[in-house]
Amino acid sequence: MSKWLDNAIFYEIYPQSFCDTNGDGIGDFQGIIDKLDYIRELGCNAIWINPCFLSPFGDAGYDVADYCKVAPRYGTNEDLKRVFKEVHKRDMHVLLDLVPGHTSVEHPWFRESMKAARNEYTDRYVWTDVVWTAPEGMGCLRGISERDGACAINFFSSQPALNYGFYQPDPKQKWQQSMEDEGPRATLAAMEDVMRFWLNMGCDGFRVDMAGSLVKNDPEGKGTIRLWQKVRDFLDAEFPDAAMVSEWGEPDKSLQGGFHMDFLLHFGPSHYNDLFRCEEPYFSSRGKGDVSEFVAKYLENYEKSEKKGLICIPSGNHDMDRLARSLHGDELKVAFAFLLSMPGAPFIYYGDEIGMHYVEGLTSVEGGYNRTGSRSPMQWDDTTNAGFSSAPSEELYIAMDPDKNRPTAKAQMEDPDSLYHEVQKLIQIRQNHKALQSRGEISFVYAEKNAYPLVYLREAGEEKILVVINPSAKEQSFCSDLAPAKTLYSFGGEVHTENGTITVPGGSAGFYLL
């Protein structure tokens, strides 16, 4: 087990939009190196870099054309190796984004698989046996080559699905291979080679894209769990310290599969968006939200994963609206008090720590569509292009936020009352108290339907910390025999206890030692 994950706080870097050092309008590895001290000063001790491999960028790099070569626009393999070294020099860790479910149509594996004559890549992807047969429940590519058959796709039509086999192959569909067939086994071996390549280069592990979707016709995930257990055995034998974080959304399955932590997804049954991204988010000061269904689902997953508490809740990511699209001002500070006091490793999406806006009305860039507004360049200072790039503005990868009041890292670092400083303070408090870290236990004290506040207890050893969060603008109260003894953190005012009733100021968050 990677012990460093116990107190890891991740900073997600979307490399295209982070920092451009050569003036071509797109971020690069040197830009990441130049800003590592900024990330460390914020308090983050780990980074996750979105896909940076060779790609035609039909889906922002999630369509890989070569897993072992970085995209030249970011630099060279040697430059990425230097990123690893500089990260480690600062006692930080780095995860790369692994996309094992599909490649780009430009990947040499796929080009070979399209040939009519059998070769070692014929079974590397999920192909039906005749062009008129589409894989059930999946999109497909067909009529694209001399090979007879249709190739399953995972998402965009530029992303053919790699073949890890079917958990329950349909005997009537002879093209459906079992997990033990030669093709699926070769695919898994090839992906292990990719992991081996980058771990030997110095990366500390992977955040795995769509980790729960590899084995097909696997409704309960049993085949996919078995597949990842094989990967775990490989890693334990060769790279026992390699960290694995899954984008799965079902921690009971991913942890069983050998992942150390699981991402809470913004789609599916998690109710994560009830908190931040819906018509009436719970963290809005309007006080019309509901946290109860999120808590119920969280507890269900928490119990299923044996109270390991390794469910990661991100501030946002490249796939969803910016936090600041629906929350504003002090609402963001209260939201971060929640994000930085929950179990599992927090993930801060670049720019969320300064309240970067979702940029409205942008034309899609590299498959971003409605997500493009969350991928605009990082705003460092008040110089040209907010310090992101010296390129002419029309040459930027994505347009800057045009708002003249857009937040910048420089301005926020100079303002002691800024969101940046609140996040920094919250991280310091978390790192000083084991109860608030990844593995500290959680129990919910008050999380009623359509009600405020949200109250939970974090525990580790003898330490017990009561977290009381009231995003609503109105004062709220709840009954409890718990007596806060010492204030560790408060924003917006402290709680008041009298005759078993705890009263909580509006728009406040507090951590209290019991």
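Given the structure is predicted, the values throughout are model-derived calculations rather than measurements. When reading the values below, keep in mind they use all heavy atoms of this one structure, side chains included, and skip hydrogens, waters and symmetry mates.
With hydrogens and angles ignored, the 3.5 Å screen pairs a side-chain donor or acceptor of Gln16 with a backbone N or O of Ala60. In this structure a side-chain-to-backbone donor-acceptor pair under 3.5 Å is present from Ser418 to His421. Judged by distance alone, with hydrogens and angles left aside, the side-chain atoms of Asp20 form a donor-acceptor pair with the main-chain N or O of Gly25 at under 3.5 Å. In this structure a side-chain-to-backbone donor-acceptor pair under 3.5 Å is missing from Glu422 to Asp417.
Ionic pairing of Glu463 and Lys434 is not present here: no N-O contact between side-chain nitrogen and carboxylate oxygen is shorter than 4.0 angstrom. One finds no salt bridge joining Arg375 and Glu366 here, because no Lys/Arg side-chain nitrogen approaches an Asp/Glu carboxylate oxygen to under 4.0 Å. Look at Asp37 and Arg90 and you find a salt bridge, because one of the NZ, NE, NH1 or NH2 atoms lies within 4.0 Å of a carboxylate O, short of that distance. Ion pairing between a basic and an acidic side chain is recognised when a charged N comes within 4.0 Å of a carboxylate O; Glu192 and Arg196 show no such pairing. Taking 4.0 Å as the cut-off between side-chain N and carboxylate O, Glu441 and Arg458 do not count as a salt-bridged pair. Salt bridge present: Arg371 and Asp59 bring a charged side-chain N and a carboxylate O closer than 4.0 Å. Note on Arg207 versus Asp209: salt bridge recorded, some NZ/NE/NH1/NH2 to OD/OE distance being below 4.0 Å. Salt bridge Asp321/Arg277: absent, no basic N to carboxylate O contact under 4.0 Å.
For residues 68-97, the pairs satisfying ring pair (Phe, Tyr, Trp, His ring centres under 6.0 Å) are Trp4-His93, Phe29-Tyr74, with sequence neighbours left out.
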Practice problem: Just do the salt bridge (charged side-chain N to carboxylate O under 4.0 Å, His left out) check on Asp28 and Arg73 with the steps written out, would you? | Solution: CA-CA 7 Å; Asp28 46 49; Arg73 69 191 200 178; over 6 Å; no
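Taking CD of Glu41 as the reference point, atom CD1 of Ile427 lies at 11.5 Å (rounded to 0.5 Å). Within the model, atoms OG1 of Thr372 and CD1 of Ile398 stand 5.5 Å from one another, a figure rounded to the nearest 0.5 Å. Annotation: the span from Leu42 atom CG to Ile348 atom CD1 amounts to 5.5 Å, rounded to 0.5 Å.
Between Tyr282 and Phe276, the ring centre distance reaches or exceeds 6.0 Å. Within the 6.0 Å centre-distance limit, the rings of Tyr67 and His107 are counted as a close aromatic pair. Two rings, from Trp228 and Phe259, have their centers less than 6.0 Å apart.
Within a 6.0 Å radius of CD in Glu394, other residues, nucleotides and ligands contribute more than 12 heavy atoms. Other residues, nucleotides and ligands contribute over 12 non-hydrogen atoms within 6.0 Å of the CG atom of Asn432. Counting heavy-atom neighbours within 6.0 Å of Glu360 CD, excluding the residue itself, gives a total above 12. Within 6.0 Å of NZ in Lys230 there are more than 12 heavy atoms belonging to other residues, nucleotides or ligands.
When each of Phe444, Tyr512, Phe511 is tested with Tyr456 by the rule ring pair (Phe, Tyr, Trp, His ring centres under 6.0 Å), just one qualifies, namely Phe444. When each of Tyr349, Tyr272, Trp48 is tested with Pro314 by the rule side chain to side chain contact (heavy atoms under 4.5 Å, CB included), just one qualifies, namely Tyr272.
For Lys297, the side-chain hydrogen bond (donor to acceptor under 3.5 Å, both in side chains) partners two or more places apart in sequence, or in a different chain, are Glu300.
When all heavy atoms of Cys19 and Phe388 are compared, the closest pair comes out as N-CE1, 3.6 Å.
Relative orientation of the Phe283 and Phe338 rings is tilted, given thresholds of 30° and 60° on the angle between their planes.
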